[in-house]
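Below, read A as the first sequence line, B as the second, and so on, with proteins coming before strands; counting in each chain starts at 1. Model, not experiment: these values are computed from the prediction.
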2 protein chains.
Amino acid sequence: MTDAFSAAAEPTRRRILQLLAASPRTVNEIAAEFTSTRSAISQHLLLLAAVGLVEAEKVGRNRIYRVQPDGLRRLQAEIDRFWTHELDLLVADAHTLAASRPTSHSATDKDSR
Amino acid sequence: MTDAFSAAAEPTRRRILQLLAASPRTVNEIAAEFTSTRSAISQHLLLLAAVGLVEAEKVGRNRIYRVQPDGLRRLQAEIDRFWTHELDLLVADAHTLAASRPTSHSATDKDSR
DNA sequence: CGAATGCGTTAGTCATGACTAACGTATTTC
DNA sequence: GAAATACGTTAGTCATGACTAACGCATTCG
């Protein structure tokens, strides 16, 4: 697991990143948002730190984790590189198709979201 | 593995999606781009089809895979939902910081990429 | 009709990731 | 200084995913 894309894709880590983006937190504060143990969350945090998506600041006996903006920018670059021109065109096609065929299954599917 | 985000994050599947976005292909044509067996690629394709990111059209004894634009749109929506307002702000900060502190560690780190 | 081709399927292996429990360490509190 | 707190660390389990090999089915070709 060396790339930020794969690291950020895991559902638990996605939530962690969103929590930390809202505001930096300690490990216990983060773990309080989940049902699994603090150890599990700590390991997720260490992984996120290993790929440079978060960083920790030790203050007293606490470790305050925060998102690392530069790592986040790398993640965005990875996603952008994946989201090639062709993919973009296909999505655009999906939009126009959904607009022109409002009664198709894709349109109802869109409503349910 | 039910969400498109996790499914698309796997490196091999990322490449498959990009290949299919450029143009639809048969399983053998796709497998030719990789070192692993056709079976492995086929299973990746079935997984991608299961989450609705690709679809197959049977023509003769070939199965032509193509990206499913609607599924791709769902993936984009998932990524957008992950990429919250806060994450966006942090990335914007990274940009301005990189511009204002070109000699900082983050700037040299950027150069090495 | 028999051989070859294109794929999906299945079984089984191997590596890896997510997790818990127990422990060790630094720091604060009393 | 002893207990409590906040972590990281380690070991070990369990589930899952990536993969190969072998097989089966349909389709095309000779």
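- Note on B:Leu46: it clusters hydrophobically with B:Leu48, by side-chain heavy-atom contacts below 4.5 Å among ILVMFWY residues.
- Rounded to a whole Å, the CD atom of A:Gln43 is 15 Å from the P atom of D:dG12.
- Using a 4.0 Å cutoff on non-hydrogen atoms, the parts of residues 53-66 of chain A near DNA chain D are A:Arg61, A:Asn62, A:Arg63, A:Tyr65, ordered by number.
- Between the A:Gln18 side chain and the B:Phe82 main chain, a donor and an acceptor come within less than 3.5 Å of each other.
- With B:Gln43 contributing its side chain and B:Ala40 its backbone, the two residues share no donor-acceptor pair below 3.5 Å.
- Taking the ring axis of B:Phe34 as reference, the NZ or CZ atom of B:Arg15 stays within 45° of it and closer than 6.0 Å to the ring centre.
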Assess whether side-chain contact (heavy atoms from CB on, under 4.5 Å) is satisfied between A:Thr84 and A:Asp88, documenting all intermediate values.
CA-CA 6 Å; A:Thr84 55; A:Asp88 227 16; over 6 Å; no

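- Under a 3.5 Å cut-off, the side chain of B:Arg74 and the backbone N or O of B:Val51 do form a donor-acceptor pair.
- Among the nucleotides C:dG8, D:dG8, C:dT20, the one closest to any side-chain atom of A:Ser42 is D:dG8.
- Residues from residues 20-41 of chain B with heavy atoms under 4.0 angstrom of DNA chain C, sorted by number: B:Thr26, B:Val27, B:Asn28, B:Arg38, B:Ser39.
- Formation of a donor-acceptor pair under 3.5 Å by the A:Arg38 side chain with backbone atoms of A:Ala32 is not found in this model.
- Rounded to a whole Å, the CG atom of B:Leu46 is 13 Å from the P atom of D:dA18.
- One atom, CG of B:Leu47, and another, C1' of C:dT9, lie 15 Å apart when rounded to the nearest Å.
- Between A:Glu10 atom CD and C:dT16 atom P there is a gap of 17 Å when expressed in whole angstrom units.
- At least one donor-acceptor pair under 3.5 Å links the side chain of A:Glu78 to the backbone N or O of A:Ala4.
- Remark: A:His44 is not in phosphate contact with C:dG17, judged by side-chain N or O atoms under 4.0 Å from OP1 or OP2.
- With A:Arg13 contributing its side chain and A:Ala7 its backbone, the two residues share a donor-acceptor pair below 3.5 Å.
- Regarding B:Asp3, its CG atom lies at a distance of 11 Å from the P atom of D:dG17, rounded to whole Å.
- Atom CZ of B:Arg15 and atom C1' of D:dA18 are 16 Å apart (whole Å).
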